[in-house]
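By convention in this document, chain letters (A, B, ...) are assigned in the order of the sequence lines, proteins followed by strands, and residues within each chain are numbered from 1. Nothing here was measured: the structure is a model prediction, and the numbers come from that model.
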There are 4 protein chains.
Amino acid sequence: MTVSLAGRGITPQQPVRGRPRSEAVERAIIEGTMKLLEDGVPLAEISVERIARTAGVGKATIYRRWSGKEELFVDVLRSAEPDDVELPGTSMRDDLIALLESLRRRGLANRSSAILHNVHAQMKSSPKIWAAYHNSVIAPRRSLGLEVLRRGQENGELRADLDLELVNDIVVGPMLVRAVLRPGGELGEGLAERIVDTLLAGLRPVN
Amino acid sequence: MTVSLAGRGITPQQPVRGRPRSEAVERAIIEGTMKLLEDGVPLAEISVERIARTAGVGKATIYRRWSGKEELFVDVLRSAEPDDVELPGTSMRDDLIALLESLRRRGLANRSSAILHNVHAQMKSSPKIWAAYHNSVIAPRRSLGLEVLRRGQENGELRADLDLELVNDIVVGPMLVRAVLRPGGELGEGLAERIVDTLLAGLRPVN
Amino acid sequence: MTVSLAGRGITPQQPVRGRPRSEAVERAIIEGTMKLLEDGVPLAEISVERIARTAGVGKATIYRRWSGKEELFVDVLRSAEPDDVELPGTSMRDDLIALLESLRRRGLANRSSAILHNVHAQMKSSPKIWAAYHNSVIAPRRSLGLEVLRRGQENGELRADLDLELVNDIVVGPMLVRAVLRPGGELGEGLAERIVDTLLAGLRPVN
Amino acid sequence: MTVSLAGRGITPQQPVRGRPRSEAVERAIIEGTMKLLEDGVPLAEISVERIARTAGVGKATIYRRWSGKEELFVDVLRSAEPDDVELPGTSMRDDLIALLESLRRRGLANRSSAILHNVHAQMKSSPKIWAAYHNSVIAPRRSLGLEVLRRGQENGELRADLDLELVNDIVVGPMLVRAVLRPGGELGEGLAERIVDTLLAGLRPVN
DNA sequence: GTATAAACGAGACGGTACGTCCAGTCTTGAT
DNA sequence: ATCAAGACTGGACGTACCGTCTCGTTTATAC
């Protein structure tokens, strides 16, 4: 996902006055932060000062764009977000698997870079930032999931009397448990498929 | 849950020399931290310095007991942890509901104090601390859940061919999704029951 | 005293290409600086940035003309310098009084604008600037004083065996002491006359 | 002249609470600043940050004692101030020479360390600081001078009808002119004597 | 009782980062 | 080429905490 200069701020309809902000610098900052994260620098040691040093940029240049570390992290995370999921559309089962699979890969990618995951955690300390992230990343996926389920009900793949919100949480939950509560593993290949099929098969004995 | 002086530290086998540590001071520190959290002070603004001020205690007195803010938080969280769940034992369904219900109440309690939730998040930044918390709080609940499911398989309440780890995640997941991803709500009464019953009833149409 | 554009800089013999520098802008800068000084803004708070803001001018426009704050100050001071002294020429005594009187008025004028006096002090921090100011302001007055004294020796108003440099310092000194060491006062009317007459009368009892 | 910890601040009658301030650190700061000055570091480049680095001290430690660079300079200057003048007491002439001679040596010493002189200038930018310096350094010397002159009038060495304040300025002035207006020189040996004798001999021809 | 010795509150200490401001330079579009 | 505007790197500002280190005082044993 790419974040453009204009994408975040106010659309500058008024004629540009003075030297315009450099997109190159913006990229350098985001990528510098990403690099620190990937190099395994503990989150607590990532200061604005250090980001500036890493990116070869003045501190003021960072503060001119973001009001602090946290806001910057939102954009860093956004830029690391995988592209939109492509749903096969063949069945609810396949769509759900595709959805979970993309979640799984994100979890893995983040884990491979070890800490993005924590940035996530960190962000929750400030509600405003969290809201921004929630709106731009989490909410879209959620509504996509609901849509898939709704179609499943129409198809007869899903019981009609179910609360879709709840079902969505049931589907997404297991992946989250493993990513959040047991960092470091267990997001093996085929997990998405196993979750969905287990759910669809039901938990009770078939008798 | 109460945390005793001896419970955490090194058992001082050698005869005690000099003035012993004051338990009252220990309580003052933990409760002072709790108070800050409950007063809605943003996590980032809770410094050791401020905790000391709030508790009317010297900084060294804190560092004598904990190696830093994070370690202290573990104990604060532990002390806020509800007492052990009591399982009715009447059926797997009832036990699972009891388990989820205790999770739900914890989520709500934390929400009422709004931020404990974030301490949780914060802690993940330091793996050591996280491990400590994981071992003392998360793991026990997890194995309790697995035990309940195992008994369910014996009873015939649960299919015998299921991966219990996965099922446990499926059961716990929805509650976590709501607590973590949608802070501020939707942990209504009866949620535990709805989750368990939805899962047991299965997602497919009954035809 | 007026400072012309050509007076300071390099005479641009080559035909002017592009837009010529605006004299109005130059005046605006100098007068803006003066205004800040007169408004009692502490010298340390007068930044190039602020001068630019006050004068409604870009920073580059200032740097295009002066290499920094200090050089600018020289011109500001020069522009505030009173016009050349007019000596009556009737006697050494009268000429010395005229000289001191002009010094006194300068001191008072500067005091009335409270800070020019300090610019003076500030300038000494950079030898180059000080030299420029010394050459254009202090040295001319000094040689004028020496000339007056020389004529006094010719007239018989002054002992022939005196070191004129020393006498000049003796004449000028008291005024300086009061202006520099006791800012804020004691440059009353008639002071010039009292100094000169006291010196000419001698300090010893007349017996 | 030595500046003690207690000398500047509030007399700490109240029992000392917490770790007391270190006099060694205090000395390190003042001497570090002095060193920078003596090494010819331009005054404008002497930042609190650099002083701290030089003295091997935290910035806060400096700000704990002085409110800023300027206040610190007062103490640095005070500590560089030569010890009190010793007057021979044999005659007004000899006493005045002793007084001027101490002034001259101070001027030279400062020159040798090249910039202390400018610190002086710098200080004038802030009236409060200047007042502090004036009271503790300048005023005492001034009243000492007046006292000497008063005794001179009693002895008959000085005309009884003279304004002593003015005479004092006349005596001190020439030395100041040379130190302030012509930095870099002309404070040769024997200058004090020449000034006093020239003044006492009178400027008019003896006829 | 009276040492002894650790704990205690307070706060100084060397550091590091904060977020802001200014120095000088550079880059726009417009004059 | 100049202008106003304003971005750029760099670095100092004065503040707040970090984790450690004295201080003087308090409080338990152990002698």
- Pick the nucleotide of DNA chain E nearest each of Arg53(C) and Arg50(A); which residue has the one closer to the 5' end?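 Per heavy-atom nearest nucleotide, the more 5' residue is Arg50(A).
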- Partner of Ser67(C) by side-chain contact (heavy atoms from CB on, under 4.5 Å), out of Lys69(C), Glu71(C), Arg65(C):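 Testing Ser67(C) for a side-chain contact (heavy atoms from CB on, under 4.5 Å) against Lys69(C), Glu71(C), Arg65(C) leaves exactly one candidate, Glu71(C).
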- Task: Apply side chain to side chain contact (heavy atoms under 4.5 Å, CB included) to Arg27(A) and Ser22(A), showing your working.
- Result: CA-CA 9 Å; Arg27(A) 274 194 304 276; Ser22(A) 155; over 6 Å; no
- When the nearest nucleotide of DNA chain F is assigned to Val48(B) and to Lys69(D) on a heavy-atom basis, which residue is associated with the more 5' position? Lys69(D)
Starting from [atom2] on [N], measure out to [atom1] on [X] and report it in whole angstrom.
| X | N | atom1 | atom2 | result |
| --- | --- | --- | --- | --- |
| Ile62(D) | dC13(F) | CD1 | P | 9 Å |
| Leu36(B) | dC17(F) | CG | P | 12 Å |
| Arg27(D) | dC13(E) | CZ | P | 13 Å |
| Glu71(C) | dG24(E) | CD | P | 11 Å |
| Glu49(D) | dT15(F) | CD | P | 13 Å |
| Ile51(D) | dG14(E) | CD1 | C1' | 16 Å |
| Leu43(A) | dA17(E) | CG | P | 14 Å |
| Glu45(C) | dA23(E) | CD | P | 12 Å |

Rounded to the nearest 0.5 Å, what separates atom [atom1] in [X] from atom [atom2] in [Y]?
| X | Y | atom1 | atom2 | value |
| --- | --- | --- | --- | --- |
| Ile30(A) | Asp75(A) | CD1 | CG | 5.0 Å |
| Glu31(D) | Ile29(D) | CD | CD1 | 11.0 Å |
| Leu77(C) | Met34(C) | CG | CE | 8.0 Å |
| Arg64(C) | Ile62(C) | CZ | CD1 | 10.5 Å |

- Item | Salt-bridge criterion met for Arg21(A) and Glu26(A) (N-O under 4.0 Å) |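 The answer is no: the pair does not qualify as a salt bridge.
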- Mind grabbing the angle between the end helix axes of the helix from dG1(E)-dC31(F) to dT31(E)-dA1(F)? Five pairs an end, 10° rounding. 20°
Could you go over nucleotides 7-9 of chain F and give all protein N or O partners under 3.5 Å, atom names and distances?
| residue | atom | partner | partner atom | Å |
| --- | --- | --- | --- | --- |
| dA7(F) | O4' | Arg19(A) | O | 3.2 |
| dA7(F) | N3 | Arg19(A) | NH1 | 3.3 |
| dC8(F) | OP1 | Ser22(A) | N | 3.0 |
| dC8(F) | OP1 | Arg65(A) | NH2 | 2.5 |
| dC8(F) | OP2 | Arg64(A) | NH1 | 3.0 |
| dC8(F) | OP2 | Arg65(A) | NH2 | 2.6 |
| dT9(F) | OP1 | Gly56(A) | O | 3.4 |
| dT9(F) | OP2 | Gly58(A) | N | 3.2 |
| dT9(F) | OP2 | Thr61(A) | OG1 | 2.7 |

- Is there a donor-acceptor pair under 3.5 Å between the side chain of Thr61(B) and the backbone N or O of Val57(B)? no
Taking only distance into account, with no hydrogens and no angle test, what donor-acceptor pairs under 3.5 Å do side-chain atoms of residues 41-55 of chain D form with protein atoms, sequence neighbours excluded?
| residue | atom | partner | partner atom | Å |
| --- | --- | --- | --- | --- |
| Ser47(D) | OG | Arg50(D) | N | 3.2 |
| Glu49(D) | OE1 | Lys59(D) | NZ | 3.4 |
| Thr54(D) | OG1 | Arg50(D) | O | 2.9 |

